[in-house]
Protein chains: 2
Amino acid sequence: MHRFYLEEPISGIGIVVVFPKDEVAHATRVLRLRKGDEVQLIDGINLYKAELQIVNEQEVTAIVRELCPSPEPPAQAVLIQGLPKADKLEMIAQKATELGMWELWPVEMERSVAKADKPDRAQKKQERISRIALEAAKQSSRAHIPQVAQTVNFAKMLNALQKASPAFDAVFIAWEEEHALPMSQAVQRCIDEGKTLHRVAVVIGPEGGISQREWEKLRDIGAISVTLGRRILRTETAGLCALAVLWTALGEM
Amino acid sequence: MHRFYLEEPISGIGIVVVFPKDEVAHATRVLRLRKGDEVQLIDGINLYKAELQIVNEQEVTAIVRELCPSPEPPAQAVLIQGLPKADKLEMIAQKATELGMWELWPVEMERSVAKADKPDRAQKKQERISRIALEAAKQSSRAHIPQVAQTVNFAKMLNALQKASPAFDAVFIAWEEEHALPMSQAVQRCIDEGKTLHRVAVVIGPEGGISQREWEKLRDIGAISVTLGRRILRTETAGLCALAVLWTALGEM
């Protein structure tokens, strides 16, 4: 079923909603949908079934028929991704969105070969990656559209991590250089300690990994080192893997 | 540490091994390694530490110093992948190798848009994908080099699955169209029933998914339907996710 993204939250079943302009073009010119067709609507919070009413090139409206079961995973997972080379961030945004990521925070780390762009290019990049996340959210039937933050340096990220509101219930670091706990066991330990994991962060280093200094700073604010198995994962694979492990540990997969 | 692939199994610690020709060129011309440098050797079964002895453009030898802890996951996982579009199979081979896949069986399924190539092109494709798996195995520090099978049709795959020796201890199907068990719970159920999962298969449909008819045939030979969460995963993401879930369920991640 085709999915459309609305800019305003849907207030209830039975109401009529108006499609935003770019979705009108997509529904009519690309998909050639008609009055009576069933579609899914995403309002950034929930997923609904709806039936098209008015369909023409100026306007598309739909009547909201029912709330769909939430396709969202059991926690908000923020992926803090060491800035990777080339266009890997696009692939990470797409696949991590499919795998239930809540927000993406790209970070220029000590061993990042790629550097953060100058302000004007940085904003364009952020917009491009955000669009990729939006498209992936639609395709994978997410109700939440993951936010993509602008790339910052490590110190700014650390500050944002500490001051985040709502606060993070746990921060995990994929860290290959010590005998860390398997990630699922670290998650289980948090649960055993009575924590409810509403909002967690996973820190993934760039190609060269997280530096010792960065690791120490993360550890100092209470981050937990975890392993994702005995093989060396590429930076663009590690975050995807961590999300799958997280949802498995929380019983969804 | 740089890793090299040997064609013959290493018979023990302290022996001297000779590098195959293409590894000689890589070690000398590309990496400019020297006598005394430490390297890792992969013989397709184990991973070893070794020290270079003779290093010149004609010959490279190394003395095997120690056996490294096995980087292999706790079971052999065969990824049975519905033939995807374009070059997605390359990406799947690379990332699934990092994530511990044992073998890759590409299968032309009912809903595959891509079709299996004619014999001569099929062999070339198999060789190309095998090389990608080999490179990924080296990069991710695998000891086992995943085999890539030639693309076959569904009937042939089903036959191979049934007649496999050693036999499969479990076959899982990622199947979105029914209320399937989360994959980790299905794995746990197998363990609770007293099965040891030495060798398992995971079946992933192509872009359009597995057809009802294919699902029934798999079910008839005892395959277990599982879910990988409530979001719709692309075909190239589903297999990677299934591997991460499998290793989590088996305690490695």
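Chain letters run A, B, ... following the sequence lines, proteins first, then strands; residues in each count from 1. Here the structure is a predicted model, which means the values were calculated and not measured.
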Distance col, row H144(B):NE2 vs S70(B):OG, nearest 0.5 angstrom, shows 11.5 Å
The interface call for P73(A) against chain B, heavy-atom contacts under 4.5 Å, is both
Minimal heavy-atom distance between Q40(A) and R3(A), with the atoms involved, is OE1-NE, 2.7 Å
When the 4.5 angstrom heavy-atom criterion is applied to Q139(A) and chain B, the contacting part is both
Flag for T235(A)-Q81(A): side-chain donor and acceptor within less than 3.5 Å:
yes
Is it the case that the side chains of S211(B) and E110(B) hold a donor-acceptor pair, with the cut-off being a distance below 3.5 Å and no angle test? yes
Comparing M183(A), Q94(A), E98(A) against chain B, the one with the most heavy-atom pairs below 4.5 Å turns out to be E98(A)
Looking only at L99(A), V226(A), L243(A), L240(A), most heavy-atom pairs under 4.5 Å shared with chain B are made by L99(A)
Scored by heavy-atom pairs under 4.5 Å with chain A, the best of A249(B), A242(B), G229(B) is G229(B)
Centre of W215(A)'s six-membered ring, under 6.0 Å away, within 45 degrees of the axis: is that where NZ or CZ of R219(A) sits? yes
Ranked by heavy-atom pairs below 4.5 Å to chain B, first place among E72(A), M91(A), Q185(A), R234(A) goes to R234(A)
